[in-house]
Number of protein chains: 2
Amino acid sequence: MTLDKDTERLAKVAKALGHPTRIRILKYLDNQSHCFTGDLVDVLPISQSTVSQHLKELKNAGLIKGEVKPPKIKYCIDQKNWKQAKTLFEDFFK
Amino acid sequence: MTLDKDTERLAKVAKALGHPTRIRILKYLDNQSHCFTGDLVDVLPISQSTVSQHLKELKNAGLIKGEVKPPKIKYCIDQKNWKQAKTLFEDFFK
DNA sequence: AATAGCTATCGTAATTTTACGATAAGAAAC
DNA sequence: GTTTCTTATCGTAAAATTACGATAGCTATT
């Protein structure tokens with residue numbers, strides 16, 4: 001059943017979106033098109049390690065991806081998975 | 001900032017959607033337009049108390065509402081909040 | 001080779017989530 | 001009034017989440 005797969009995927013993405021900090025990160029990324037961890041640490045009222053942890057979850061959910069630009073890591077939205085997520089939510093709310 | 005309110009709201013709704021069982025419940029509700037707890041217990045592979053717990057979370061997030069039809073409780077989607085959630089996600093993914 | 005800068009990971013504690021069985025609550029039927 | 005039916009709530013245990021400081025890793029620079 002691809003329906004069940006979609007359900008699992010939708011739930012996983014939703015879970016990744018289920019924290020205000022992660023929403024803010026994604027909105028920031030959407031505005032800036034890309035950013036480094038430090039940019040977020042400057043903007044968000046939480047520690048560097050916690051920011052990194054949230055980034056990890058977004059990456060695990062496939063919503064963002066990181067590119068190593070030593071000594072920094074450049075994050076941006078994973079457009080392919082982003083589109084898929086958008087579609088899943090559209091279908092769900094339709 | 002209404003933006004922060006929207007962020008909080010979006011995260012809250014997303015969190016409520018962040019479990020496959022709750023997605024299934026909402027899909028079921030969308031198909032049937034309404035249902036009782038027992039209907040879901042028959043369909044889902046989890047116990048009655050767990051179903052009730054998931055319903056509670058969906059209700060807390062405002063996505064569904066229950067109407068007492070003794071001795072049952074009739075659940076349906078909260079259309080007003082559902083529309084709002086739909087809009088929040090649309091704006092977010094736009 | 002040593003230092004400096006940036007970020008992930010580790011270790012940890014507090015809180016939340018998820019699941020279950022058992023129990024309570026409410027109204028209808030007998 | 002007792003029983004029956006349906007569902008919420010309680011109590012509980014295991015697992016996951018969230019947060020932090022401290023530490024490690026990786027480059028580039030000095």
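Chain letters run A, B, ... following the sequence lines, proteins first, then strands; residues in each count from 1.
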Closest to the 5' end of DNA chain D, once A:S47 and B:K59 are matched to their nearest nucleotides, is B:K59

Can you name the atoms? Protein N/O to nucleotides 12-18 of chain D N/O, anything below 3.5 Å, with the distance.
from, atom 1, to, atom 2, distance (Å)
D:dT17, OP1, A:K15, NZ, 2.6
D:dT18, OP2, A:R22, NH1, 3.0
D:dT18, OP2, A:R22, NH2, 3.4
D:dT18, OP2, A:E57, OE1, 3.4
D:dT18, OP2, A:E57, OE2, 3.2

Taken in chain and number order and not counting sequence neighbours, the residues that satisfy side-chain contact (heavy atoms from CB on, under 4.5 Å) with A:D42 are none

For B:Q53, the side chain to side chain donor-acceptor pair (under 3.5 Å) test, sequence neighbours excluded, returns none

List the atom pairs, donor and acceptor, that lie under 3.5 Å between side-chain atoms in residues 34-41 of chain A and the rest of the protein, sequence neighbours left out.
from, atom 1, to, atom 2, distance (Å)
A:D39, OD2, A:F36, N, 2.9

Show me the donor-acceptor pairs within less than 3.5 Å that the side chains of residues 72-80 of chain A make with the rest of the protein, sequence neighbours left out.
from, atom 1, to, atom 2, distance (Å)
A:D78, OD1, A:K80, N, 3.3
A:D78, OD1, A:N81, N, 3.3
A:D78, OD2, A:N81, ND2, 3.3

Those residues at least two apart in sequence (or on a different chain) that pass side-chain contact (heavy atoms from CB on, under 4.5 Å) with A:E90 are A:K86

- Before accepting this row, confirm whether a basic side-chain N of the pair A:D91/A:K94 lies closer than 4.0 Å to the acidic partner's carboxylate O. yes

Across all chains, not counting sequence neighbours, the side-chain contact (heavy atoms from CB on, under 4.5 Å) partners of A:H54 are A:H19, A:T21, A:R22, A:I25, A:I46, A:T50

With sequence neighbours left out, the residues meeting side-chain contact (heavy atoms from CB on, under 4.5 Å) with B:N31 are none

Chain B vs DNA chain C, heavy-atom contacts under 4.0 Å, first-to-last nucleotide span, 5' to 3', is C:dT16 to C:dA27

Contacts of B:F93 meeting ring-ring contact (aromatic ring centres under 6.0 Å, His included) (sequence neighbours excluded), chain-then-number -> A:W82, A:F89

Sequence neighbours excluded, the answer for side chain to side chain donor-acceptor pair (under 3.5 Å) partners of B:K69 is none

Can you pull every protein N or O that's under 3.5 Å from an N or O on nucleotides 2-7 of chain D?
from, atom 1, to, atom 2, distance (Å)
D:dT7, OP1, B:T37, N, 3.1
D:dT7, OP2, B:G38, N, 2.8

